[in-house]
Amino acid sequence: VRSALTAAGHEQLNPPHIAIVQLLSEHADGTRATQLAERARVTKQSIAVTLDQLAALGYVERVLDPSDRRAQLVRLTDRGWDGVLTARTAVRALESAWAERAGADRVAMMRDVLADIVASRPS
């Protein structure tokens with residue numbers, strides 16, 4: 001995935017950036033930084049630093065929350081969406097290669113087990 005991102009011009013994205021960009025991709029209209037911190041299970045200070053980095057790199061933008069003009073939403077820019085699509089394409093290719101080697105059923109089982117582990121993590 002890192003190779004695909006680098007080849008597509010997203011070499012600045014590091015693993016914490018990728019995790020936050022992925023979470024943001026689940027909220028096309030944007031989300032508040034505090035909600036993002038909760039979902040990422042990191043502190044508000046940590047998410048603020050990561051979001052500042054991503055904004056400086058052109059992956060996210062902050063906009064006024066239309067439901068509360070005192071608050072801001074963070075959302076992906078076109079560059080951010082390009083990174084998401086690049087990563088998703090690379091993951092699909094990787095999973096396809098694994099399925100050829102180990103079988104599609106086993107790869108699906110692996111995904112299910114990993115999803116269960118993530119879902120059961122304590123906050």
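Only heavy atoms go into these numbers, but all of them, side chains included; no hydrogens, no water, no symmetry mates.
Taking the side chain as every heavy atom from C-beta outward, Asp105 and Met109 never approach each other to under 4.5 Å. Counting heavy atoms from C-beta outward, Leu51 and Leu36 have side chains that approach closer than 4.5 Å. For the pair Arg75 and His27, the minimum side-chain heavy-atom distance is 4.5 Å or more. Put simply, the side chain of Leu5 reaches to within 4.5 Å of the side chain of Ile18, judged on heavy atoms. Contact check for Leu54 versus Leu13: side-chain heavy atoms found under the 4.5 Å cut-off.
For the residue pair Arg88/Ser25, the side-chain donor-acceptor check at 3.5 Å is satisfied.
The nearest pair of heavy atoms linking Ser67 to Arg32 is OG-NH2, 4.3 Å. Annotation for Arg2 and Asn14: closest pair NH1-CA, 3.4 Å, computed over non-hydrogen atoms. Counting all heavy atoms, side chain and backbone alike, Arg69 lies closest to Leu64 at O-CD2, 3.5 Å. The two residues Asp82 and Ala8 have their closest heavy-atom pair at OD2-O, 4.5 Å. Minimum heavy-atom separation, Leu73 to Pro66: CD1-CD, 3.9 Å.
In this structure, Thr50 contributes its side chain and Ser46 its backbone to a donor-acceptor pair below 3.5 Å. Looking at Arg79, its side chain does come within 3.5 Å of a backbone N or O of Leu57 through a donor-acceptor pair.
Between the OG1 atom of Thr31 and the CG atom of Asp65 there is a distance of 9.0 Å, given to the nearest 0.5 Å.
When the shell of 6.0 Å around CG of Asp68 is examined, it contains more than 12 heavy atoms from other residues, nucleotides or ligands.
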